[in-house]
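A quick write-up on the structure given underneath.
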Amino acid sequence: MAIVLGKAAPAMAWETLPHGVQVHMRRATSVETSHVERATGRILSDYLSGKAELASFHLPEAEEPSAEDDQYIFGLSKFLSSVLLFEMLADDWKGVLKDDGRPWPIDRASVSLLLLSPDQLQEFERLAYRDVWEIRAEGNGSAVSPIGSGGAA
């Protein structure tokens, strides 16, 4: 078994999400996934300590979570990480329309609304993490864990 070092950065390409949504994006690197994990941790820490809110993520109103609500925190962490990664990897999209037929801007609120759909979130994650997961599946041991797992590879 071998690994090729020094490969070029992942190229931007049009990828297809469910319901005809197309996203101009690239694949995530392990450095980017680590950056997103740290940023998500800071956001969650500030949110749980009452120092920040999640309004920019356009989440539906929810009861105040407690730090002991593991399932909610895990799901929230996974969602926030995906939104942050989408912002990092994507620069354009097609097929994301408002009720009047005009396109949504590609910003945090609209990305959040898109990724609230489980099928959109799942396919975006599959596309974004595929290089990292391929390395991990090969058994090289050099890839990071998927976002939200809390463990190292």
Side-chain angles (χ1 to χ4, degrees), residues 4 7-48 52-65 69-138 140 142-153:
V4 178
K7 293 188 281 189
M12 299 293 282
W14 283 101
E15 302 286 359
T16 302
L17 299 180
H19 310 291
V21 173
Q22 293 203 308
V23 180
H24 193 244
M25 61 179 280
R26 58 188 170 72
R27 299 173 181 188
T29 66
S30 60
V31 171
E32 290 164 331
T33 59
S34 293
H35 173 76
V36 165
E37 286 175 348
R38 285 189 306 278
T40 300
R42 284 190 300 273
I43 291 168
L44 277 175
S45 177
D46 288 347
Y47 175 63
L48 291 171
E53 59 179 44
L54 301 177
S56 67
F57 290 91
H58 209 284
L59 291 167
E61 289 296 318
E63 293 181 26
E64 287 295 316
D69 189 351
D70 293 341
Q71 279 193 311
Y72 179 80
I73 299 303
F74 177 77
L76 183 58
S77 172
K78 187 176 183 303
F79 175 78
L80 296 175
S81 293
S82 293
V83 172
L84 295 175
L85 193 62
F86 194 107
E87 290 178 336
M88 188 178 286
L89 301 179
D91 67 359
D92 198 7
W93 61 13
K94 298 175 186 173
V96 183
L97 306 175
K98 297 179 181 183
D99 289 339
D100 62 7
R102 291 183 299 134
W104 277 93
I106 189 166
D107 59 18
R108 181 168 289 173
S110 54
V111 167
S112 296
L113 286 171
L114 178 72
L115 296 183
L116 281 172
S117 168
D119 57 342
Q120 299 289 352
L121 176 65
Q122 183 178 11
E123 184 62 9
F124 167 72
E125 288 178 338
R126 186 189 73 76
L127 293 168
Y129 292 112
R130 68 184 157 200
D131 283 355
V132 174
W133 289 343
E134 281 175 13
I135 291 170
R136 186 174 186 198
E138 290 172 2
N140 291 334
S142 59
V144 297
S145 298
I147 294 298
S149 72

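Checking side-chain atoms of S77 against main-chain N and O of I73 turns up no donor-acceptor pair under 3.5 Å. Side-chain atoms of S117 do not come within 3.5 Å of backbone N or O of L114 as any donor-acceptor pair. Side chain of S81 to backbone of E37: no donor-acceptor contact under 3.5 angstrom is found. A distance-only check finds no donor-acceptor pair linking the side chain of W93 to the backbone of V111 [under 3.5 Å]. In this structure, S82 contributes its side chain and K78 its backbone to a donor-acceptor pair below 3.5 Å. With W14 contributing its side chain and H24 its backbone, the two residues share no donor-acceptor pair below 3.5 Å.
Listed here is the closest heavy atom pair of S110 and W104: CB-CE3, 3.7 Å. For the pair E53 and Y47, the tightest heavy-atom approach, listed with the atom from each and the gap, is CA-CD1, 4.2 Å. Pairing each heavy atom of K98 with each of P105, the nearest pair is CE-CD, 4.3 Å. For S56 against S112, the heavy-atom pair with the smallest separation is O-OG, 4.4 Å.
Atom CG in L115 sits 12.0 Å away from atom CD in E123 (nearest 0.5 Å). Put simply, CZ on F79 and CG on L84 are 9.5 Å apart, with the number rounded to the nearest 0.5 Å. Taking CG from L89 and OH from Y129, the interatomic distance works out to 8.5 Å, rounded to the nearest 0.5 Å. H19 contributes atom NE2, which lies 5.5 Å from atom CD of Q120 (distance to the nearest 0.5 angstrom). Between the CE atom in M25 and the CG atom in L85 there is a gap of 7.5 Å [rounded to 0.5 Å]. The structure places CG of L127 at 10.5 Å from CD of Q122, a figure rounded to the nearest 0.5 Å.
Using a 4.0 Å cut-off between a side-chain N of Lys or Arg and a carboxylate O of Asp or Glu, D100 and R102 qualify as a salt bridge.
Test R38, R27, R26 against E32 for salt bridge (charged side-chain N to carboxylate O under 4.0 Å, His left out) and you get one pass: R26.
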Show your reasoning for whether side chain to side chain contact (heavy atoms under 4.5 Å, CB included) applies to L54 and I43.
-> CA-CA 8 Å; L54 301 177; I43 291 168; 3.7 Å; yes
